[in-house]
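Some notes on the structure that comes next.
Remember, it's a predicted structure, so these values are computed and weren't measured experimentally. Proteins get letters first, then strands, A, B, ... in listed order; numbering begins at 1 in each.
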Protein chains: 2
Amino acid sequence: MTAAPRGRGGLADEVCRRIADEIALGLLAPGTRLDEVTLAGRFAVSRTPVREALKQLATMGLVVYRRNRGALVASMTPAELDQMFEAIGELEAACARHAALRLTEPERQRLGELHAQGRLAMQAGDVERYAAVNLELHAAIIAGCHNPALIELTNGLRERVASFRRTQFRHIERIAESYAEHTAIVEAILARDVVTAYREMRSHLLAARNATSRVAPQWATPQSK
Amino acid sequence: MTAAPRGRGGLADEVCRRIADEIALGLLAPGTRLDEVTLAGRFAVSRTPVREALKQLATMGLVVYRRNRGALVASMTPAELDQMFEAIGELEAACARHAALRLTEPERQRLGELHAQGRLAMQAGDVERYAAVNLELHAAIIAGCHNPALIELTNGLRERVASFRRTQFRHIERIAESYAEHTAIVEAILARDVVTAYREMRSHLLAARNATSRVAPQWATPQSK
DNA sequence: AGAAAGCATCTTGTATGCAATATCATCGCT
DNA sequence: AGCGATGATATTGCATACAAGATGCTTTCT
């Protein structure tokens, strides 16, 4: 018996969630080896649920499996990061377009409030708070498409790049840029302007990817120089 | 010992692939109970790799897990099917747009050849062949975006609805419609017309979803009537 | 006779054990 | 001294064993 009577949906899912969180938070850096016995010890379970969790994480793309050689936290080349951001851009832009037409009145209100909170955080120079509000704003738009399949896909992709973009607001001027882009997106959505919402969200994601490159040069796409 | 020394990448992945294939082919109907011991017996392995396979399939969305009650082949309500097709439409349209700009010359040639093969199959009234060519054509366009992340996402979604669209060409007139839509898409891609390629692919997917409804009324979206 | 409770059986969830493969260090050779 | 081979160690992959929960049936009471 393993102490926990039933955390939620079985130990494997619990372990999966906790490892996923640690990866997203950057506690487990890309490339980190995920030893089964170590993890089993850390979570006070046997190897079986850990293995099942790692398999799930591999399917999600958060870890990579090398045959008979164990699991590693997924790492990405700059080119792969570009591709991830491109895919996220396509998906979030689609979400924004649908959100422009489908947002309920309470959701529209909340969108405006979140954007206002972002403005306050920006004016206060509170980087952490702006990052948190940014996350919530994007989540609100994504959820606003009212299509569970799209929502899951988009959030899944965002989770995979989460650890690579934690530093995107390190340069204070990026916050102002981000806020300006958010303004264009939010106004378009509230005006039910599907074309603008789509276009602005796509360019916003491109800008976010470039911001990540500027802050973390090791993830920048090598330019022909 | 289990006879096979190394099918490919471990028994769990092998079992996962085979079950996924059977689901996509409709051999395992939506809602079918997936008993671990039965599957283990069928594939001549123990329950361990079967469980890992089922967990992976659950993460992919091909099966659903009910806590302590086992796995079922995922089934979808008509509304969920609509949402899936909407998501696929967004993704494939994005792929088509990128393909219009990124296709290499050999890829462009192959796209034209595939479309020509579809015309031959249509003229011959060969439904099976048209369905096969249709699959290849879409795969070529998806792969043509040259973005592994987008490709994987799109193919993953397509796999999840595969069993629900196997009958989409049962009405012969749908083949002619499909071919006409393909013509618009292929011509736009070859002309590097990103806007048209995107728009036509989206409407093509909507039409495909409607065709599925017409052929299989049990999956149709209930209309207000 | 119908319904509820209790019991037997089955299935899943987790832990442990064993075999196979990869990793690493040492040793030998050129 | 550098490089390759060989054996020891560690880790993964799979199988089996055991426990907890779910399913279904029988039994019993009203």
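An OP1 or OP2 oxygen of D/dT23 is reached within less than 4.0 angstrom by a side-chain nitrogen or oxygen of B/Arg69. Of the side-chain N and O atoms in B/Arg66, none sit less than 4.0 angstrom from OP1 or OP2 of C/dG13.
The separation between B/Glu14 atom CD and D/dG13 atom P is 15 Å, rounded to whole Å. Between the CD atom of B/Glu36 and the P atom of D/dT23 there is a distance of 15 Å, given to the nearest Å. The distance from atom CZ of A/Phe43 to atom P of C/dT14 is 14 Å, rounded to the nearest whole Å. At whole-Å resolution of the value, CG in A/Leu11 and P in D/dA19 are 17 Å apart. Straight-line distance from the CG atom of B/Asp35 to the P atom of C/dG13: 12 Å, rounded to whole Å. Going from atom CZ of B/Arg67 over to atom C1' of C/dT12 covers 12 Å, rounded to whole Å.
For B/Asp35, the side chain to side chain donor-acceptor pair (under 3.5 Å) test picks out B/Thr38, with sequence neighbours left out. Shown here are the salt bridge (Lys or Arg N to Asp or Glu O under 4.0 Å) partners of A/Arg69, two or more places apart in sequence or in another chain: there are none. With sequence neighbours left out, B/Arg102 forms a salt bridge (Lys or Arg N to Asp or Glu O under 4.0 Å) with A/Glu86. Considering only residues two or more places apart in sequence or on other chains, A/Arg47 meets the salt bridge (Lys or Arg N to Asp or Glu O under 4.0 Å) condition with A/Glu36. Scanning for side chain to side chain donor-acceptor pair (under 3.5 Å) contacts around B/Tyr198 gives A/Arg97, A/Tyr198, B/Glu90, with sequence neighbours left out.
Listed nucleotides: C/dT12, D/dC14, C/dG13. Nearest to the side chain of B/Tyr65: C/dG13. Comparing D/dC14, C/dT14, C/dT11 by their nearest atom to the side chain of B/Ser46 picks out D/dC14. Each of C/dA22, D/dC14, D/dT11 was ranked by its minimum atom distance to the side chain of A/Asn68; first place goes to C/dA22.
Taking the six-membered ring where the residue is Trp, B/His182 and B/Tyr130 present parallel rings, their angle staying beneath 30° rather than reaching 60°.
Within residues 48-60 of chain B, the residues that have a heavy atom under 4.0 Å from DNA chain D are, in order of number, B/Thr48, B/Pro49.
Residues A/Arg209 and A/Gln168 have side chains that never bring a donor and an acceptor to within less than 3.5 angstrom of each other.
Under 3.5 Å, the side chain of A/Arg47 and the base of D/dG13 form at least one donor-acceptor pair of N or O atoms.
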